[in-house]
Number of protein chains: 2
Amino acid sequence: MTDDRWQPPSVLLAVDLVILTLRDARLHVLLVERGVEPYQGAFALPGGFLHDEGEAIEAAARRELAEEAGLFDMHLEMIGVYGEPGRDPRGRVVSVAHLAIAPRLPDPIAGTDAVSACWTPVEDVLSTSAHVRLAFDHRRILADGVDQARAKLEHTSLATAFCGETFTISELQQVYEAVWGVRLDPRNFYRKIQSARGFIVAAGPMRHAQNGRPARLFKAGPSQALYPPMVRSAQTGHDVRGGHAAEVAPEGG
Amino acid sequence: MTDDRWQPPSVLLAVDLVILTLRDARLHVLLVERGVEPYQGAFALPGGFLHDEGEAIEAAARRELAEEAGLFDMHLEMIGVYGEPGRDPRGRVVSVAHLAIAPRLPDPIAGTDAVSACWTPVEDVLSTSAHVRLAFDHRRILADGVDQARAKLEHTSLATAFCGETFTISELQQVYEAVWGVRLDPRNFYRKIQSARGFIVAAGPMRHAQNGRPARLFKAGPSQALYPPMVRSAQTGHDVRGGHAAEVAPEGG
DNA sequence: CGAATAGTGTCTTTCAGACAATATATT
DNA sequence: AATATATTGTCTGAAAGACACTATTCG
């Protein structure tokens with residue numbers, strides 16, 4: 001199929017980060033203002049190139065998480081690969097997008113060398129009449145990341161990653177409401193969560209911020225899987241991940 | 001963070017394919033025997049390097065699908081990225097793994113230039129006492145691909161990709177039974193499938209191979225999402241995808 | 001006490017799972 | 001007729017969703 005002198009082309013490998021958190025009961029994503037071309041001055045997802053040829057991909061993602069957001073030890077998982085030939089004017093750049101979930105944090109992000117980093121409501125970027133435009137194909141990456149987070153709330157314990165070490169059941173409910181954009185009945189949610197085996201375990205009582213009866217504290221349980229799953233009653237006919245596939249690389253290990 | 005002369009490293013980009021199909025009511029994967037080093041003579045997933053710098057990743061996957069398996073127009077979706085620094089002795093090779101689903105096909109794969117391609121029961125590769133060893137990290141890629149297929153049967157219409165243009169409900173049931181490795185009640189399955197809105201639509205009657213009442217024919221419906229979802233009653237406490245994340249590349253678009 | 005949140009109990013509907021019964025084909 | 005598969009119907013238990021009600025805090 002190819003002649004003997006053919007050599008495979010090489011590409012630049014990057015990582016991009018969709019870092020989500022909850023602020024004011026709304027889902028926010030961390031954006032940075034680009035200081036260099038291309039797209040200088042535009043907002044973009046944090047990310048960057050592999051540091052050296054021996055750096056593992058996840059290691060690069062965690063390095064960027066620390067360098068650009070000052071965040072450590074967070075939940076991190078892969079979203080997918082974005083490598084369309086024309087997506088970056090600097091050449092063939094293939095980016096591995098990652099989803100990171102941050103617990104509630106103090107407003108200013110400490111230790112960030114990108115001073116321009118700021119939390120932005122996801123809605124302001126993804127809504128049809130969005131007023132925030134992102135560089136590259138980062139709007140799609142964000143959309144895919146949010147979709148993945150929404151889907152995983154259904155049958156994994158991902159929601160606890162949005163909370164601190166300990167949390168109340170109503171805090172957990174706020175996570176579902178913010179990420180899914182729905183309202184849930186607190187009483188049914190309470191029973192549902194407790195019936196999910198291994199999802200949460202008790203961790204002592206607490207008093208609430210303002211008024212009302214104090215709530216019990218819990219921490220994340222051992223189960224990664226969530227059974228029975230949390231179900232979004234009315235499926236919002238959105239497209240399911242897959243159908244648009246990715247592409248690349250033969251004979252490789 | 002880096003000095004002015006720093007240049008990002010480049011990597012070789014590959015695609016690998018987990019091509020699944022049903023044969024004798026068992027899940028099979030297409031393997032090829034490697035003709036060159038490394039791992040010469042060992043079995044591996046079909047795949048290869050990007051053909052040229054301008055080739056899209058999905059295009060490369062479809063090209064390999066045609067070249068190595070003689071397959072066209074199949075369901076194709078991304079599994080993930082495998083780029084551990086030491087995974088390929090030839091250097092830093094990052095592979096984008098894809099999942100392809102093939103409908104029932106005649107035994108020999110026509111038009112394949114890799115004559116060594118053969119369908120192998122997935123169980124023979126993944127069972128703890130497996131007698132088929134794969135090159136590189138292809139065993140893990142296969143495991144991840146099969147997990148992804150299993151998960152997607154629950155809430156998408158992926159199962160129809162295993163069938164031909166038209167199919168009977170019992171054929172669809174065989175897909176679930178083979179991929180999940182469980183036995184399902186035909187009567188409950190029948191009602192369940194028909195209650196899923198937009199999953200399948202009628203396509204005229206047929207007669208069955210041997211004996212028994214002829215079954216109605218259906219074809220895939222418009223829905224990609226499956227609601228209500230098919231549920232695997234007893235969650236086999238397997239690890240949920242995620243938790244082990246991927247890594248790489250900053251400042252990239 | 002009144003307001004607000006936490007937590008429990010109950011009822012109705014929906015759906016999964018078991019399984020009887022009927023329908024329509026082949027040999 | 002015997003056998004085999006397709007399709008429908010019925011019943012039971014688990015769980016979702018609606019919602020009344022009790023418990024415990026603060027001001």
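A, B, ... follow the sequence lines: proteins, then strands. Residue 1 opens every chain. Note that the coordinates shown come from a computational prediction; the quantities given were computed from them, not determined experimentally.
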Hey, does Phe189(B) have a side-chain heavy atom less than 4.5 Å from the side chain of Ser170(B)? no
Tyr227(B) atom OH is separated from dC15(C) atom C1', nearest whole Å, by 10 Å
Just checking Thr168(B): base, sugar-phosphate only, or nothing, at a heavy-atom cut-off of under 4.0 Å? nothing
What residues 172-183 of chain A contributes to the DNA chain C interface at heavy-atom separation below 4.0 Å is none
*Salt-bridge test for Glu77(B) and Lys152(B): reply yes if a basic N is under 4.0 Å from a carboxylate O, no otherwise.*
yes
Under a 4.0 Å heavy-atom criterion, the protein footprint on nucleotides 22-27 of chain C, written with B, S and -, is -BBBS-
DNA chain D nearest-nucleotide lookup for Arg191(B) and Pro186(B): closer to the 5′ end is Pro186(B)
Leu184(B) atom CG is separated from dC19(C) atom P, nearest whole Å, by 15 Å
Separation of dT24(D) atom P from Arg216(A) atom CZ, nearest Å, is 12 Å
> Is there a donor-acceptor pair closer than 3.5 Å between any side-chain N or O of Gln173(A) and the backbone N or O of Leu184(A)?
Replying inline: yes
Inset, instruction - Start with the C-alpha distance between His138(B) and Val18(B), add both sets of side-chain angles, then the distance that settles side chain to side chain contact (heavy atoms under 4.5 Å, CB included), and finish with yes or no. - result: CA-CA 9 Å; His138(B) 286 189; Val18(B) 174; over 6 Å; no
The side-chain hydrogen bond (donor to acceptor under 3.5 Å, both in side chains) partners of Arg187(B) (sequence neighbours excluded) come to Asp185(B)
From CE of Met206(A) across to P of dC26(D) the rounded distance in Å is 12 Å
Within the pair Ser170(A) and dT5(C), is there a side-chain N or O less than 4.0 Å away from OP1 or OP2?
no
Rounded to whole Å, CD1 of Ile193(B) lies from P of dT8(D) at a distance of 14 Å
Please determine if a side-chain N or O atom of Lys192(B) lies less than 4.0 Å away from the OP1 or OP2 oxygen of dA16(C). yes
Only pairs under 3.5 Å count here: list side-chain donor-acceptor contacts from residues 215-223 of chain B, not counting sequence neighbours, and write none if there are none.
| unit_1 | atom_1 | unit_2 | atom_2 | d |
| --- | --- | --- | --- | --- |
| Arg216(B) | NH2 | Tyr190(B) | OH | 3.0 |
| Ser223(B) | OG | Arg197(B) | O | 3.3 |

Here the distance between atom C1' of dT24(D) and atom OH of Tyr190(A), to the nearest Å, is 13 Å
Sequence neighbours excluded, the answer for side-chain hydrogen bond (donor to acceptor under 3.5 Å, both in side chains) partners of Arg139(A) is none
Across all chains, not counting sequence neighbours, the side chain to side chain contact (heavy atoms under 4.5 Å, CB included) partners of Arg26(A) are His28(A), Pro121(A), Glu123(A)
Rounded to whole Å, the CD1-C1' distance (Ile200(A) to dA6(C)) equals 13 Å
Between the base of dA16(C) and the side chain of Asp185(B), is one N or O donor paired with an acceptor at under 3.5 angstrom?
no
So Arg187(A), base contact, sugar-phosphate only, or nothing? Heavy-atom distance under 4.0 Å. base
Quiz item: Do Phe162(B) and Gln174(B) touch side chain to side chain, with heavy atoms closer than 4.5 Å?
Solution: no
Rounded to whole Å, CG of Asn188(A) lies from P of dA6(C) at a distance of 15 Å
